[in-house]
Amino acid sequence: MRTYWNINGGLHTVDNWQPACWTQVTCPNDDDITFMIDKLKIPEYFIEDIRDKDERPRYEYEDGWVLIILRIPYVREVRSHTPHTTIPLGIILNKDVCVTLCNYETNMMIDFIAYQQKRGVGFTDSIDLVFRLFLSSSVWYLKRLKQINTLIEESKLNLDRKIDNDDLVGLSRLQDSLTYFATSIRGNEMLLSKLKFKLPVDELDADLIEDVNIEMSQAREMTNIYANILNSTMDTYASIISNNMSVVMKTLTAVSIILMLPTLIYSLYGVNLINGMEQYKFGFPLLVIASIVITAICVIVFHKKSWI
């Protein structure tokens with residue numbers, strides 16, 4: 001699906017492609033790809049690079065064409081091993097061509113368009129659009145990080161109840177998400193530092209870049225903080241599991257000792273040897289009473305030591 005946006009004096013759609021308009025391509029089909037290659041003459045390998053979901057943030061220039069790949073946060077709507085992840089957003093520029101290409105429908109782009117329409121001033125040029133996309137991605141990283149932090153806090157509140165595999169799997173998935181975020185934010189920061197010298201930046205763009213740097217630094221620091229908190233929470237879970245295992249093993253050991261004592265008594269008097277109680281009619285009842293007393297004493301002693 002592709003949408004054409006007039007970016008001068010506000011952001012509004014136009015019916016057909018026009019020079020210097022912003023062409024937004026989302027979840028491209030064959031017709032969209034044919035349009036970009038045949039009509040706009042975009043190098044085909046640019047499109048193939050953006051299709052790679054693991055493509056790193058980078059800048060490429062060839063024959064007047066500029067390819068910028070920015071990694072943005074994305075939340076999968078279906079159950080996934082890593083619900084919070086990052087995906088590539090491609091920005092392709094030329095003299096009269098400005099195209100953004102993403103293979104996923106994202107809340108970030110929907111919010112970006114809504115916010116720019118609310119501003120009502122559009123973009124000064126395609127370079128301004130690029131840096132505002134950087135700023136929007138940084139803001140959305142912060143939003144997603146707050147959601148992850150909420151999930152971490154909920155997990156910490158559940159530490160006093162029974163821990164199951166779902167809790168550990170959920171924390172592991174959040175740990176993977178934070179790893180993706182940290183890598184992508186670091187890559188975006190490196191890309192931004194290069195674009196400052198590669199693209200024609202004016203004074204307004206310089207101020208915008210400063211805002212992007214601040215937001216990216218905050219996102220990077222929050223990612224590191226939440227990663228440390230999550231690691232601490234995982235260590236706490238591991239300690240609790242180890243402690244619970246120790247308690248169970250201690251209880252089983254105590255029960256084994258308690259059961260071993262009467263078994264030992266019966267074994268000693270059950271061997272085929274003379275023990276002096278063969279003819280005593282109260283021998284068996286005394287044996288049972290002695291076993292019960294010894295067992296009770298062991299139970300009392302172990303209970304006082306909190307072993308059972």
Side-chain angles (χ1 to χ4, degrees), residues 3-14 18-24 50 56-61 64-74 86-102 106-146 181-225:
T3 308
Y4 309 110
W5 299 94
N6 189 319
I7 63 176
N8 296 320
L11 191 64
H12 55 274
T13 59
V14 292
Q18 300 173 0
C21 76
W22 168 29
T23 304
Q24 180 192 11
I50 299 171
R56 60 182 177 83
R58 62 186 178 87
Y59 164 91
E60 188 170 341
Y61 180 85
W65 287 98
V66 175
L67 170 64
I68 301 171
I69 297 181
L70 172 69
R71 292 200 71 87
I72 62 176
Y74 178 68
T86 63
I87 57 173
L89 170 66
I91 307 171
I92 304 172
L93 305 176
N94 204 337
K95 182 189 302 182
D96 294 325
V97 176
C98 177
V99 177
T100 59
L101 173 60
C102 186
T106 64
N107 291 330
M108 175 197 138
M109 292 303 296
I110 296 174
D111 177 76
F112 176 76
I113 292 171
Y115 175 73
Q116 298 303 327
Q117 287 179 326
K118 186 177 179 180
R119 287 179 65 235
V121 294
F123 307 104
T124 56
D125 52 23
S126 59
I127 306 302
D128 183 42
L129 169 63
V130 170
F131 291 124
R132 290 195 179 277
L133 283 171
F134 269 84
L135 180 61
S136 180
S137 69
S138 302
V139 171
W140 272 88
Y141 272 115
L142 293 173
K143 289 183 180 180
R144 296 307 185 193
L145 285 168
K146 290 180 180 179
F181 276 26
T183 304
S184 298
I185 292 171
R186 186 165 56 250
N188 288 348
E189 285 185 308
M190 296 177 61
L191 174 62
L192 181 64
S193 65
K194 294 178 181 179
L195 292 179
K196 290 190 295 185
F197 303 101
K198 298 291 186 180
L199 298 179
V201 177
D202 57 24
E203 184 176 352
L204 293 177
D205 292 332
D207 293 337
L208 183 57
I209 290 172
E210 184 64 25
D211 293 337
V212 175
N213 276 324
I214 294 173
E215 295 295 332
M216 280 193 174
S217 297
Q218 183 179 356
R220 172 170 42 80
E221 291 174 0
M222 289 182 63
T223 301
N224 294 334
I225 291 172

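Since the structure is predicted, the reported quantities are computational estimates derived from the model, not experimental observations. One is the number of the first residue; the rest follow in order along the sequence.
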Is there a side-chain contact between [X] and [Y] (heavy atoms, below 4.5 Å)?
| X | Y | result |
| --- | --- | --- |
| Y59 | L199 | yes |
| Q24 | T13 | no |
| K143 | N107 | no |
| T3 | W5 | yes |
| L93 | C98 | yes |
| Y141 | R71 | yes |
| W22 | L11 | yes |
| R220 | T223 | no |

What distance do [X] atom [atom1] and [Y] atom [atom2] have between them, rounded to the nearest 0.5 Å?
| X | Y | atom1 | atom2 | result |
| --- | --- | --- | --- | --- |
| M108 | S138 | CE | OG | 8.5 Å |
| L70 | S137 | CG | OG | 4.5 Å |
| I92 | I50 | CD1 | CD1 | 4.0 Å |
| I185 | E221 | CD1 | CD | 10.5 Å |
| S136 | Y115 | OG | OH | 9.5 Å |
| L135 | I214 | CG | CD1 | 10.0 Å |

Out of the candidates I209, I72, L195, only one should pair with F134 under the side chain to side chain contact (heavy atoms under 4.5 Å, CB included) rule; please name it.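 Looking at I209, I72, L195, the match for F134 under the side chain to side chain contact (heavy atoms under 4.5 Å, CB included) is L195.
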
Take atom NZ of K198 as the centre, draw a 6.0 Å sphere, and report whether it contains more than 12 heavy atoms from other residues, nucleotides or ligands.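 For K198, atom NZ is not crowded (no more than 12 foreign heavy atoms under 6.0 Å).
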
Under the side-chain contact (heavy atoms from CB on, under 4.5 Å) rule, what do I113 and Q117 come out as? Steps first, then yes or no, please. CA-CA 6 Å; I113 292 171; Q117 287 179 326; 4.0 Å; yes

If every non-hydrogen atom of P88 is compared with every non-hydrogen atom of I69, which pair is closest and at what distance?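 Minimum heavy-atom contact is CB-CG2, 3.8 Å.
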
What pair of heavy atoms forms the shortest contact from I68 to V66, and how long is it?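 Looking at all heavy atoms of both residues, the shortest contact is CG1-CG1, 3.9 Å.
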
Test side-chain contact (heavy atoms from CB on, under 4.5 Å) applied to R56 and L191, step by step: CA-CA 10 Å; R56 60 182 177 83; L191 174 62; over 6 Å; no

May I have the step-by-step check of side-chain contact (heavy atoms from CB on, under 4.5 Å) for L192 and E189, ending in yes or no? CA-CA 5 Å; L192 181 64; E189 285 185 308; 5.7 Å; no

Evaluate the side-chain contact (heavy atoms from CB on, under 4.5 Å) criterion for residues L133 and M109: first the C-alpha distance (whole Å), next the side-chain angles of each, then the deciding distance (0.1 Å), finally the verdict. CA-CA 9 Å; L133 283 171; M109 292 303 296; 4.0 Å; yes

Would you please classify the geometry between the F112 ring and the F123 ring as parallel, tilted or perpendicular, with 30° and 60° separating the classes?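 Plane angle under 30°, so parallel.
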
